[in-house]
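This report concerns only the one structure given below.
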Amino acid sequence: MNNREIAELFEKVAYLLEIRGDNIHRILSYRRAGETIRDVSQDLSELHEAGQLTSISGIGKTLAEKIAEMLETGRLEFYERLVVEIPESILDLMRVEGLGAKRVKLFYDKLGITTLDGLQEAAENGRLRELPKMGAKSEAKILKAIESLKKHGDGRVLLGTALPIAETILAELRQLPVVTRADIAGSVRRRKETIGDIDLLVAASDAEVVMDHFCGLELAADVALRGPTKSRIVLDNGVGVDLRVLPSENWGTLLSYFTGSQAHNVRLRELAKKKGLSLNEYDLSAVSGNAPPILCETEEAVYTALDLPYVVPTLREDRGEIEAALEGRLPQLVQLTDMRSDLHMHTTWSDGKASILEMAQTAQANGLQYIVITDHSYSLGIANGLDASRLRQQAEAIREANEVIGPDFEIWHGTEMEIRADGTLDFPDEVLAELDFVIAAVHTALKQPREKITERILGAIRNPHVDMIAHPTGRLIGRRDGADVDLEAIFAAAVDHKTILELNANPHRLDLQDTHVRRALEIGVRIAINTDAHHPDQLSFTHFGIATAQRGWATASHIVNSWLPSEMRTFLMSK
DNA sequence: GCCGTTTTCGGCCCGACTGTTTTCAGTCG
């Protein structure tokens, strides 16, 4: 079993224990273990072999034994015993919004409901309302939630989808005269790669006006709840948007609280507690005595009150940032303004939508100093890939574009060359030698067994002409899992051969992902943040890559795009 | 089930909203 499968099984165990009515803290241990394991970039099997499973925070003796059992046997006896007691299909019911363990258990115990369809039928036939604490309204809500679940799934969307929506709504609310402050909070602010709910905070002299406007937004397909300080609308795509209208004198604690993550908040509260303070969304108050509560108008003030340096939202995941803050070793994270290049983009020569010059001019307007044009190579026929002859014609076109754009900007010539299914490359060394920068990538046969696909990529890394591996796992978030590659081996080889690995900034990819970046940097891999733009507009994807790099604790010195053209040349010469 | 500068026991965050109650349980974040 791999990390993801182990994480999922622990999360299922947590739900089953919850339905069974087990101790809440035991349940949370399993749930947190699942969440933590999703964040671990190293393979659990490696940690197991090294006897280091319990070095993962939240994994103690018992859970380490269970992980070992799953790794060695591919099964978890504890889970198998649980599903004898409670049918596995019941877990589907927990995915219905508004249903938790208590009601799911009630439906099972009293009506024998074990499936989503069974629940829908019972609701349609008015059988749920006969149960204690249930009524017609609850029944209708459940039907609606089932419909939404069947239509939209769990409703997680890409950051690239959620962020523009959040910014649009925020901009509209800011136009209301009563609004004095407005911010995005939650996972959008932390720039998580996928988003469950959009969280917005507003300070206003009249909450009612804001709520009216919010619930009446054209985007709102449905108003899920409406209170004096909190409302929630649901959009056509199934995404929920929560709005809280709150006072501004304690904006710092509010923004901090609603930005999360929950795990980070828990750590902050523990720190507060050790100082004899209680931290909630409203203030920091003394646990005993009658000192007046501390109001924080800024987040900086919250961290200062806890004797911590400010922790930026992209780090707030309880992945060691609290410890680093306490010890004064928070990283100086890479910023958008550090970027001087984009090393991966396409033009009309292959499957891009704009000319070399259009891409270059947009990149220059975005503040870059140089770019590399990297159209596809010929075996990716679907993308109109270039053969050696067209590649040489393109070299001429790039020379011409350089003349037009003038001396303040450089257009380099490169390729995004296929690593074919058999591991061979699309161009021979003598063709690659003519290029300024060579990317190699896999786009096909991503389902190959681990050893085979890993060896394909390792082969490319070992080729002295290959400067970078693009989107190393090939994942498309929510659509396609990445290839089963041995990233540890790839990171080690990338260091040995001075091969750059890409953090692809396209919001569908974000590959390497944040946890991979973190691990790669520990090993000493050089990372590039590139847009892989197929259109000038997509050159603005860089900020998604920056956010992901920050979530991977990257500083400017880790990111090769911070180098001057001359520095990059020197590096490439040294390979 | 985890964890420890209150360390091997006893904590483990807590407030808003809804629907069903007649004072609160369930769910969510």
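Just so it is clear, the model here is predicted, and its values are computed rather than measured. In what follows, chains carry the letters A, B, and so on, assigned in the order in which the sequence lines appear, proteins first and then strands, with residues in each chain numbered from 1.
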- Task: Could you name each residue pair satisfying ring pair (Phe, Tyr, Trp, His ring centres under 6.0 Å) that touches residues 55-91 of chain A, not counting sequence neighbours?
- Result: Tyr30(A)-Phe78(A)
- Task: Report the residues that fulfil salt bridge (charged side-chain N to carboxylate O under 4.0 Å, His left out) with Lys12(A), sequence neighbours left out, ordered by chain and then residue number.
- Result: Glu88(A)
- Query: What residues form a salt bridge (charged side-chain N to carboxylate O under 4.0 Å, His left out) with Arg129(A), not counting sequence neighbours?
  - Reply: Glu139(A)
d([atom1], [X]; [atom2], [N]) in whole Å:
X         : N       : atom1 : atom2 : result
Leu106(A) : dT27(B) : CG    : P     : 9 Å
Arg190(A) : dG29(B) : CZ    : P     : 13 Å
Arg267(A) : dC2(B)  : CZ    : P     : 17 Å
Lys105(A) : dT27(B) : NZ    : P     : 13 Å
Leu271(A) : dG4(B)  : CG    : P     : 14 Å
Lys133(A) : dT20(B) : NZ    : P     : 11 Å
Glu18(A)  : dG1(B)  : CD    : P     : 16 Å
Lys61(A)  : dC2(B)  : NZ    : C1'   : 13 Å

- Message: Generate the contact string for nucleotides 10-18 of chain B. Rules: B means base contact, S means sugar-phosphate contact only, - means no protein heavy atom under 4.0 Å.
- Response: --BB-SSSS
- ring-ring contact (aromatic ring centres under 6.0 Å, His included) with His471(A): which residues, sequence neighbours excluded? His443(A)
- Item | By ring-ring contact (aromatic ring centres under 6.0 Å, His included) - contacts of Phe107(A) (at least two apart) | none
[N] to [M] separation - [atom1] atoms, rounded to the nearest Å:
N       : M       : atom1 : value
dC9(B)  : dC14(B) : P     : 25 Å
dT5(B)  : dC12(B) : P     : 16 Å
dT23(B) : dG29(B) : P     : 29 Å
dG19(B) : dC13(B) : C1'   : 25 Å
dG11(B) : dT6(B)  : C1'   : 11 Å
dA16(B) : dT8(B)  : C1'   : 38 Å
dG15(B) : dG10(B) : C1'   : 25 Å

- Looking only at dG19(B), dG29(B), dC2(B), the nucleotide nearest the Ser138(A) side chain is dG19(B)
- Message: Which nucleotide wins on minimum distance to the side chain of Lys102(A), given the candidates dG1(B), dT20(B), dG26(B)?
- Response: dG26(B)
- Scan every strand shown for a Watson-Crick or G-U wobble partner of dG29(B), both distances under 3.5 Å, and answer none if you come up empty. dC14(B)
Less than 3.5 Å apart, which donor and acceptor atoms pair up between the side chains of residues 308-316 of chain A and the rest of the protein, not counting sequence neighbours?
| from | atom 1 | to | atom 2 | distance (Å) |
| --- | --- | --- | --- | --- |
| Tyr310(A) | OH | Glu299(A) | OE1 | 3.0 |
| Tyr310(A) | OH | Arg316(A) | NH2 | 3.3 |
| Thr314(A) | OG1 | Gln550(A) | OE1 | 3.0 |
| Arg316(A) | NE | Tyr303(A) | OH | 3.2 |
| Arg316(A) | NE | Val311(A) | O | 2.9 |
| Arg316(A) | NH1 | Glu299(A) | OE2 | 2.8 |
| Arg316(A) | NH2 | Glu299(A) | OE1 | 2.9 |
| Arg316(A) | NH2 | Val311(A) | O | 2.9 |

- Partners of Asn250(A) by side chain to side chain donor-acceptor pair (under 3.5 Å), sequence neighbours excluded? none
- Note on the structure: From the list His264(A), Gln262(A), Arg267(A), side chain to side chain donor-acceptor pair (under 3.5 Å) partner of Asp318(A) resolves to Arg267(A)
- Residues from residues 51-60 of chain A lying under 4.0 Å of DNA chain B - heavy atoms: Ser57(A), Gly58(A), Ile59(A), Gly60(A)
- Item | salt_bridge(Arg31(A), Glu11(A)) N-O dist < 4.0 Å | no
- Query: Is Glu65(A) salt-bridged to Lys61(A), cutoff N-O under 4.0 Å?
  - Reply: yes
- Message: For a quick check of understanding: with a heavy-atom distance under 4.0 Å over all strands, which category does Ala101(A) fall into, base, sugar-phosphate or nothing?
- Response: sugar-phosphate
- Task: Could you check whether Lys66(A) gets within reach of a base, just the sugar-phosphate, or nothing at all, counting any heavy atom under 4.0 Å?
- Result: sugar-phosphate
- Query: Want to settle it: does Val96(A) or Ala136(A) sit nearer the 5' end of DNA chain B, counting the closest nucleotide to each?
  - Reply: Ala136(A)
